[in-house]
Amino acid sequence: MSAVRRALLGWYRKRRRDLPWRRTRDPYAVWISEAMLQQTRVETVIPYYERFLERFPDVASLATAELDEVLGAWQGLGYYSRARHLRDAARTVMERHGGRLPGDAAALRELPGVGRYTAGAVASIAFDRPEPAVDGNAARVLARLRGIREDVKRPAGMRRLWAEAAALARGPCPGDWNQALMELGATVCTPRAPRCPECPLRRTCDAYRAGDAARLPRMARRPAPRALEAVAALLVRRGRALAVRRPPRGLLGGLWELPGGDLGAREGPARGLRRALRERVGLAAAGLRRVGAVEHAFSHRRLRLHVYRSADVAGRVRLDGFDAHRWLSPSRLAELPHGAPTAKALRLVLGDS
Ligand code: SF4
C-alpha cells in the first residue's frame with residue numbers, strides 16, 4: 001500500500017496540471033470547484049470558477065445572493081441543480097456553522113447537494129482528513145489497479161471501490177492522494193486507451209498484469225434516453241416578449257424560458273401549444289407561426305422543442321407550473337438565466353425575426 005502511495009504521490013507532484021483550484025486550500029473555493037467539476041470538463045470549468053469566485057468570494061456573499069444571480073453566473077455549465085444547492089448550502093453554512101464550512105465529511109454531507117464524493121474531496125483537500133473521494137476517473141483507476149471486476153454501478157462493486165479508496169486515503173496528504181488518483185485517471189489511465197507504459201502504478205496494477213485494463217471498469221449500460229416533445233413560443237405584445245420562470249426544484253429549476261409545455265401522446269405541436277398557453281399562462285395566441293425545432297440531449301431525456309412565434313396575444317397572464325413572468329424587449333430575453341434548450345430556441349426565433 002505504501003509503495004503504491006509513494007509512487008503515485010511522487011508522480012503527481014511532478015506531473016500535475018496547474019489548475020486554479022490547486023493554488024488554494026480555502027475550503028469554500030475547493031467546494032465551488034468540486035461542485036463545478038462534476039460532469040464537466042476541466043477546461044470548461046476554469047473561466048466559470050474564476051468568474052464565480054470574483055462575484056461570490058465567500059460563503060456569506062453566496063448565501064445572500066438572489067437565485068437568479070447565482071444561476072446567471074452558472075449559465076452554460078448545465079446541471080443547474082448544482083448551483084441551486086450551492087446557494088442553499090451556503091445559507092445552511094451561515095446558519096449552522098457561522099459561515100465556515102465544516103471539515104468533517106459527515107457534517108459536509110448534511111449540506112444540500114453535498115454527496116459522498118464532494119464531502120470526501122473537500123474534507124481531504126481543504127482539511128487534510130483521510131477521507132476517500134471516488135469520481136469517475138478515480139473509479140476507473142481503482143478498478144484497474146485493484147482488479148475490481150464487479151459492475152461498479154451495483155452495490156457490491158461500489159462498496160468494494162469505496163473500501164479500496166478508503167484504505168488508500170489513510171496516510172499522509174490524503175488530499176493530494178485523492179487528486180493524484182483523479183489526475184492519473186484524467187491523463188494516463190484513460191477510458192479506452194490507458195497509457196500503461198508511462199504509468200507509475202504499472203508494477204502493482206492488476207489489470208495491467210491481466211491485460212484487461214481497457215475493459216474495466218465494468219458498468220451496466222445506461223438505458224436509452226427517453227424522447228420528449230415540447231413546444232414553446234415567442235409571444236410579443238406591444239413590443240415586449242413574455243418570459244416565464246420554472247419553479248426552483250426539478251429539471252432546469254429556477255431558469256427562465258419561453259412559455260409552452262410538453263406535448264401529450266399523439267398531440268400535434270400547434271394544438272399542444274395552444275393548450276399549453278391556455279393552461280399554463282392563461283393566454284390565447286392567434287396567428288402562431290412555426291419557426292422550426294431544436295433538439296437537446298439531457299442525461300436521461302432527449303428533447304425536441306418545436307418553436308413558434310405570435311404577435312397577436314390575448315388575455316391576462318395566469319401562471320400554472322411557473323413561478324414568475326416578465327414582459328421585456330425580445331433582445332433582452334437572453335439576459336435572464338436560461339438553460340440550453342431555451343438558448344437554442346432563442347437563437348432560432350430571434351434569428352428569424
Ligand atoms: Fe491504469 Fe495502466 Fe496504470 Fe493500471 S497500469 S493504473 S491500467 S494506466
Side-chain angles (χ1 to χ4, degrees), residues 1-19 21-22 30 33-34 37-46 115-125 128-222:
M1 204 75 103
S2 61
V4 170
R5 288 186 110 265
R6 265 200 310 279
L8 186 57
L9 282 170
W11 171 86
Y12 177 67
R13 281 167 191 153
K14 271 193 241 138
R15 301 289 172 85
R16 67 182 188 172
R17 291 167 292 174
D18 177 29
L19 302 173
W21 45 88
R22 289 189 177 152
V30 171
S33 71
E34 290 300 338
L37 285 163
Q38 285 169 36
Q39 325 266 0
T40 313
R41 295 164 59 83
V42 162
E43 307 78 59
T44 309
V45 166
I46 292 172
R116 195 174 183 183
Y117 166 77
T118 307
V122 174
S124 62
I125 297 168
D128 254 334
R129 305 283 170 98
E131 293 286 346
V134 183
D135 72 344
N137 284 323
R140 185 167 57 255
V141 176
L142 287 167
R144 291 170 175 174
L145 177 69
R146 291 302 195 202
I148 301 172
R149 291 182 174 78
E150 296 102 313
D151 183 335
V152 296
K153 292 280 182 198
R154 291 184 174 274
M158 210 177 282
R159 264 198 305 277
R160 204 165 148 216
L161 211 50
W162 280 88
E164 294 284 0
L168 283 160
R170 275 180 229 121
C173 309
D176 275 2
W177 166 258
N178 283 330
Q179 292 187 86
L181 264 185
M182 296 186 251
E183 185 79 350
L184 190 76
T187 59
V188 176
C189 193
T190 50
R192 267 176 273 287
R195 302 208 304 270
C196 301
E198 299 168 31
C199 177
L201 302 182
R202 67 188 177 282
R203 282 195 188 83
T204 46
C205 178
D206 191 279
Y208 183 54
R209 208 166 31 229
D212 63 352
R215 293 195 292 281
L216 296 180
R218 295 222 164 101
M219 279 185 258
R221 280 237 179 113
R222 268 199 197 164

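Only this structure's heavy atoms are used, side chains among them; waters, hydrogens and symmetry mates stay out. Note that the structure is predicted; figures quoted are calculated from it, not measured. First listed ligand is number 1; within each ligand, the first listed atom is number 1.
- Annotation: protein N, O or S atoms under 2.8 Å of atom 2 (Fe) of ligand 1 (waters excluded) comprise C196 SG.
- Here the closest heavy-atom approach between residue L201 and residue L184 is recorded as CD1-CD2, 3.7 Å.
- Each of R22, R16, R15 was scored for a side-chain hydrogen bond (donor to acceptor under 3.5 Å, both in side chains) with E183, with one residue passing: R22.
- Residues passing the side-chain hydrogen bond (donor to acceptor under 3.5 Å, both in side chains) test with T40 are R82, sequence neighbours excluded.
- Listed by first and then second residue, the salt bridge (Lys or Arg N to Asp or Glu O under 4.0 Å) pairs involving residues 128-142 are R25-D128 (not counting sequence neighbours).
- The side-chain contact (heavy atoms from CB on, under 4.5 Å) search around R154 returns D151, not counting sequence neighbours.
- A donor-acceptor distance shorter than 3.5 angstrom exists from the side chain of R5 to the backbone of L168, with no hydrogens or angles considered.
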